[in-house]
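Accompanying notes for the structure given below.
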Amino acid sequence: MIITRPLKVDNQSIQIQKLLQIRNNKKLLLVHYNHSKEALLKFAKGVKKFISRHGEYMVIVASDSILKCEEEYFNEFERESGIKCEHFLYESPSEMTALLKIIDVVITCKLHVGVVASSFEKSVVAVACHPEKTARFYSQIGESGRCVSLFDVTSEIVFELLEKFHEKKLKLMKE
């Protein structure tokens, strides 16, 4: 299957425009599992429970790169979560940055997504695939409770973290 890249219109990708049109006043939850099957499964089950209690959210799934298994992983996430999700395929860091500007909450296993989302004062839950460096960042900003190791977490803990932090935006200290 060939996945085509989104076109840009007025400095905003068509994908971003579509999300803004279909969100129906819903909040946006970004799930970023970055091709980690372990993260995909833990996130899917945790997000399923979270969305069952918080229908005010629409779920968007994204990852860092387009691999042959991209569509397969997305379909598996939808199956495991039981949620109809939007699949955000991006070509450049600026497209991902544009997405992070409009979302409300992000759950990610990658440090860079959490750092950028934090800079936009979004709520972030980090389930880190590189726990040492990621935990150091969240500790430095006084938010160590938002970061757990992917390898030690369960889907129930994923749910609990989303429940605890979904309405608590990060505010990075200004110097």
Within-4.5 Å side-chain heavy-atom neighbours: [X] and [Y]:
{"X": "Phe77", "Y": "Cys85", "answer": "yes"}
{"X": "Gln15", "Y": "Leu19", "answer": "no"}
{"X": "Glu167", "Y": "Lys27", "answer": "yes"}
{"X": "Glu38", "Y": "Phe151", "answer": "yes"}
{"X": "Leu100", "Y": "Lys122", "answer": "no"}
{"X": "Met96", "Y": "Val113", "answer": "yes"}
{"X": "Leu29", "Y": "Ile51", "answer": "yes"}

Sidechain-backbone polar pair: [X] side chain, [Y] backbone, donor-acceptor under 3.5 Å:
{"X": "Ser139", "Y": "Ser144", "answer": "no"}
{"X": "Lys42", "Y": "Val158", "answer": "no"}
{"X": "Tyr33", "Y": "Ala62", "answer": "no"}

Can you see which heavy atom on [X] is nearest to which on [Y], and at what distance?
{"X": "Val106", "Y": "Ala117", "result": "CG1-CB, 3.7 Å"}
{"X": "Ile16", "Y": "Ala98", "result": "CD1-C, 3.9 Å"}
{"X": "Val127", "Y": "Leu150", "result": "CG1-CA, 3.6 Å"}
{"X": "Leu170", "Y": "Ser118", "result": "CD1-OG, 3.0 Å"}

If I take atom [atom1] from residue [X] and atom [atom2] from residue [Y], how far apart are they, to the nearest 0.5 angstrom?
{"X": "Glu160", "Y": "Ser155", "atom1": "CD", "atom2": "OG", "result": "9.5 Å"}
{"X": "Leu172", "Y": "Phe120", "atom1": "CG", "atom2": "CZ", "result": "11.0 Å"}
{"X": "Ser63", "Y": "Tyr73", "atom1": "OG", "atom2": "OH", "result": "10.0 Å"}
{"X": "His130", "Y": "Cys109", "atom1": "NE2", "atom2": "SG", "result": "8.0 Å"}
{"X": "Leu40", "Y": "Lys45", "atom1": "CG", "atom2": "NZ", "result": "9.5 Å"}
{"X": "Tyr90", "Y": "Leu99", "atom1": "OH", "atom2": "CG", "result": "9.0 Å"}

Passing candidate, side-chain contact (heavy atoms from CB on, under 4.5 Å) with Glu86, options Ile22, Leu30, Val59, Val61: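 Between Glu86 and the candidates, side-chain contact (heavy atoms from CB on, under 4.5 Å) is satisfied uniquely by Ile22.
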
Lys26, Arg23, His166 screened by side chain to side chain donor-acceptor pair (under 3.5 Å) with Tyr57, the one that passes: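 Among Lys26, Arg23, His166, the one that satisfies the side chain to side chain donor-acceptor pair (under 3.5 Å) with Tyr57 is His166.
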
Verdict with reasoning, His87 to Glu78, per side chain to side chain donor-acceptor pair (under 3.5 Å): CA-CA 10 Å; His87 196 185; Glu78 280 194 318; over 6 Å; no

Residues forming a salt bridge (charged side-chain N to carboxylate O under 4.0 Å, His left out) with Lys37, sequence neighbours excluded: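 Result, salt bridge (charged side-chain N to carboxylate O under 4.0 Å, His left out) vs Lys37: Glu76.
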
Residue pairs, two or more places apart or on separate chains, that pass salt bridge (Lys or Arg N to Asp or Glu O under 4.0 Å) and touch residues 134-157: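 Residue pairs passing salt bridge (Lys or Arg N to Asp or Glu O under 4.0 Å), neighbours aside: Lys49-Glu156, Glu143-Arg146.
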
